[in-house]
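Sequence positions, counted from 1, serve as the residue numbers for this chain. Both counts, for ligands and for their atoms, begin at 1 and track the order of listing.
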Amino acid sequence: MWRITLYFFILFTIDSTLVNGESKVPCFFIFGDSLSDVGNNNILNTTDKSNYLPYGVDFPGQIPTGRFTNGRTIEDFISQLLGFQRYINPYSTQMDKDILRGVNFASGAAGILPKTGSRWGDRVGMDQQLKNFNTTISKLKSMVGGPVTNYLNKCLYTINIGSNDYIDKYFMTKNYPTGNQFATNQYARQLIARYKLQLQALYDSGARKITVFGLPQIGCTPAAFIRFNSTKCVNEVNQAVEAFNTMLVSLVDSFNAKLHMANFTFINLYSMQASTSPPSGSDTKHACCKLRSDFLCEPLSTPCQNRKSYEFMDGFHPTEIVNEIVSNIIFNPPNSFVHPMSISQLIN
Ligand SMILES: *[C@@H]1O[C@H](CO)[C@@H](O)[C@H](O)[C@H]1NC(C)=O
Ligand SMILES: *[C@@H]1O[C@H](CO)[C@@H](O)[C@H](O)[C@H]1NC(C)=O
Ligand SMILES: *[C@@H]1O[C@H](CO)[C@@H](O)[C@H](O)[C@H]1NC(C)=O
Ligand SMILES: *[C@@H]1O[C@H](CO)[C@@H](O)[C@H](O)[C@H]1NC(C)=O
C-alpha cells in the first residue's frame with residue numbers, strides 16, 4: 001500500500017535541515033493519539049503503553065520512549081524538517097524553557113469523544129489535551145511576562161486523532177448494525193460536530209497554522225485482518241472512515257473560509273495508502289512484531305529483521321519507514337495528498 005522505495009531520494013533533505021541552526025517556525029504543538037504519542041502514556045494507569053522493546057528498537061540509542069513504532073513518528077520527522085535540533089517533548093515531562101519550542105500532548109487510546117479508549121485505562125482525550133495546551137499557554141505567559149498571542153500565531157500545530165473513535169468505540173460495539181450506511185454517517189457527523197468545537201477552541205487559544213490528519217485505512221491494518229478474519233481490507237471499516245474524512249475536508253474548507261487569518265490543511269492519509277502500490281517484497285499485512293491479544297507488541301519479543309520492508313510495526317501502527325515517507329510527502333511541494341496546501345506552504 002505505501003510506496004516504500006520511490007521516495008528514498010527525498011530523505012536527504014532531512015539531514016541537511018538538521019545542521020541548520022534556526023527552525024522554520026518558533027514552536028510546534030502536537031495533538032493526537034498513539035500515532036503521535038512520545039511518552040505521555042508512560043505515567044498513566046493504562047495497558048496502552050509502548051515504553052518497552054521492541055518499540056524503539058530503531059530509535060537513537062534503541063530507547064523505548066513510549067513511541068508506538070520502531071523509530072520516529074511522523075511528527076518527529078516533521079520537527080526535523082522544520083529544523084528543530086531535538087524532538088518535541090511530551091507534556092508529561094515538559095520542562096522550563098523547553099515549552100517555548102512546543103509541546104506534544106498526544107496520548108495513546110485518546111479520541112475525539114471523551115469516553116473513547118476507556119477500556120484500556122487512563123488516557124488524555126482531545127478535550128483534555130486542549131486544556132493542557134491552555135495550561136501551557138499560562139506558563140508561557142508568566143515565563144515571558146506578557147502576552148504570547150503573536151508567538152502562538154507563528155507556530156505549527158498538528159492534530160492526528162479519530163482512529164480510536166472507530167477502533168475502540170464504533171467497531172467495538174457488539175450490536176453494530178453492519179452495512180447500515182445511515183448509522184455510519186450519523187456517527188461521523190457526531191464526531192465531526194465535536195471535532196469542530198475542538199478545532200475552534202484551538203484557534204481561540206491562538207493557533208493559526210493547523211494541520212489536520214484525515215484517518216488512514218483502518219480496515220487494512222493487521223488488527224483488522226485478524227479481528228475480521230479477513231485476508232482483504234475490511235470495506236465496512238474503510239467506508240466508515242471515508243465518511244468521516246469527507247466531512248473533515250468540508251470542515252477544513254469552512255474554517256479556511258470563515259476564520260480570520262487562519263490556515264488549515266487536511267492530510268489525506270487514506271488515499272496516500274490507497275493510491276500507492278506495495279513494493280515487491282514488502283509486507284503490508286502482517287505486524288513486524290509478535291502481537292498480544294490487544295494488537296500491541298509482546299514485550300521483549302524479537303521483532304522482524306527487515307523493518308524497512310514492513311508497513312506495520314504492530315497491529316495498528318506504521319513502521320518508521322512509512323512515517324518517514326509520509327512526512328516527506330506532506331511537508332514538501334503541494335501534491336494531491338494535501339488539501340489545500342503542504343506544510344512548507346502552511347508555514348510560509
Ligand atoms: C489502575 O486501573 C485499574 C483498572 O482500571 C484499577 O483496578 C487500578 O486500581 C488502577 N490502579 C491505580 C494505581 O490507580
Ligand atoms: C482555552 O482558552 C481559550 C482562550 O481563552 C478558550 O477560548 C478555550 O475554550 C480554552 N480551551 C479549553 C479546552 O478550555
Ligand atoms: C476465518 O475465515 C476462514 C476462511 O474464510 C474460515 O475457514 C474460518 O473458519 C474463519 N475463522 C473464524 C474464526 O471465523
Ligand atoms: C492563509 O490564510 C490567509 C488569511 O485567511 C489567506 O489570505 C491566505 O491566502 C491563506 N494562505 C493560503 C496559502 O491559502
Side-chain angles (χ1 to χ4, degrees), residues 24-25 27 29-32 40 91 99 102-103 105-107 110-114 116 123-142 146-159 161 171 174 178 193-212 219 222-237 249-267 285-286 291 293 295 315 330-348:
K24 293 174 180 153
V25 289
C27 37
F29 291 95
I30 298 157
F31 301 82
N40 282 312
Y91 180 73
I99 63 173
V103 174
F105 300 99
S107 164
I112 292 168
L113 303 178
T116 291
R123 71 271 162 229
V124 188
M126 193 58 201
D127 287 341
Q128 185 61 45
Q129 290 183 33
L130 290 163
K131 285 189 188 138
N132 293 347
F133 180 45
N134 279 0
T135 304
T136 302
I137 294 173
S138 303
K139 282 191 193 155
L140 284 171
K141 278 184 192 155
S142 58
V148 290
T149 311
N150 281 341
Y151 190 72
L152 294 173
N153 288 174
K154 293 186 195 122
C155 306
L156 175 67
Y157 300 80
T158 60
I159 307 136
I161 201 151
F171 286 106
K174 288 240 161 55
T178 44
R194 188 94 183 199
Y195 207 4
K196 182 179 180 182
L197 299 176
Q198 292 163 341
L199 291 171
Q200 177 75 48
L202 185 60
Y203 173 86
D204 292 341
S205 294
R208 293 295 178 271
K209 299 165 191 290
I210 304 174
T211 302
V212 184
F225 294 131
I226 298 168
R227 193 184 278 174
F228 289 81
N229 188 29
S230 176
T231 53
K232 292 192 302 243
C233 293
V234 183
N235 272 335
E236 181 189 357
V237 177
V249 172
S250 304
L251 182 61
V252 161
D253 286 343
S254 77
F255 275 140
N256 276 334
K258 189 180 74 181
L259 292 182
H260 181 61
M261 295 307 284
N263 297 104
F264 287 75
T265 194
F266 170 86
I267 305 297
K285 289 219 158 120
H286 303 97
L291 294 181
S293 61
F295 303 112
I330 68 182
F331 194 86
N332 281 305
N335 53 64
S336 61
F337 303 120
V338 294
H339 173 87
M341 63 194 114
S342 68
I343 293 180
S344 49
Q345 288 176 295
L346 182 66
I347 60 176
N348 272 332

J.: Do any N or O atoms from the side chain of Thr116 and from the backbone of Ala110 form a donor-acceptor pair under 3.5 angstrom?
T.: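 No.
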
J.: Measuring from non-hydrogen atoms of Gln345 to any atom of ligand 4, is the shortest distance under 4.0 Å?
T.: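 No, that is not the case, since the closest heavy atom of the residue is not under 4.0 Å from the ligand.
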
J.: Could you measure the distance from the CD atom of Gln129 to the CD1 atom of Ile159? Nearest 0.5 Å is fine.
T.: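 Output value for this atom pair is 9.5 Å.
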
J.: What's the spacing between Asn40 CG and Phe105 CZ if we round to 0.5 Å?
T.: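 With rounding to 0.5 Å, CG (Asn40) is 9.0 Å from CZ (Phe105).
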
J.: Taking any residue with a non-hydrogen atom under 4.0 angstrom from an atom of ligand 2, which ones do you get?
T.: Leu130, Lys131, Asn134, Asp204, Ser205

J.: Compute the shortest N/O to N/O distance between Asn263 and ligand 4 and return yes if it is under 3.5 Å, no if not.
T.: yes

J.: Decide whether the shortest distance between a heavy atom of Ala262 and an atom of ligand 4 is less than 4.0 Å.
T.: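 Yes, Ala262 has heavy atoms under 4.0 Å from ligand 4.
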
J.: Please evaluate residues Ser250 and Asp253 with respect to the criterion side-chain contact (heavy atoms from CB on, under 4.5 Å), reporting the C-alpha separation (whole Å), side-chain torsions for both, the decisive distance (0.1 Å), and the verdict.
T.: CA-CA 5 Å; Ser250 304; Asp253 286 343; 5.5 Å; no

J.: Begin from the C-alpha positions of Leu140 and Leu152 and carry the test side-chain contact (heavy atoms from CB on, under 4.5 Å) through to its verdict.
T.: CA-CA 10 Å; Leu140 284 171; Leu152 294 173; 4.2 Å; yes

J.: Heavy atoms only, cut-off 4.0 Å: how does Met341 contact ligand 4, side chain, backbone, both, or neither?
T.: side chain

J.: Under the criterion side-chain contact (heavy atoms from CB on, under 4.5 Å), I'd like the reasoning laid out for Phe29 against Leu202: C-alpha separation, chi angles, the key distance, then a yes or no.
T.: CA-CA 11 Å; Phe29 291 95; Leu202 185 60; over 6 Å; no

J.: Could you check Gln200 against Phe255 for side-chain contact (heavy atoms from CB on, under 4.5 Å), going step by step and ending with a plain yes or no?
T.: CA-CA 9 Å; Gln200 177 75 48; Phe255 275 140; 3.7 Å; yes

J.: What is the distance from atom CG of Leu197 to atom CZ of Arg194, rounded to the nearest 0.5 Å?
T.: 7.5 Å

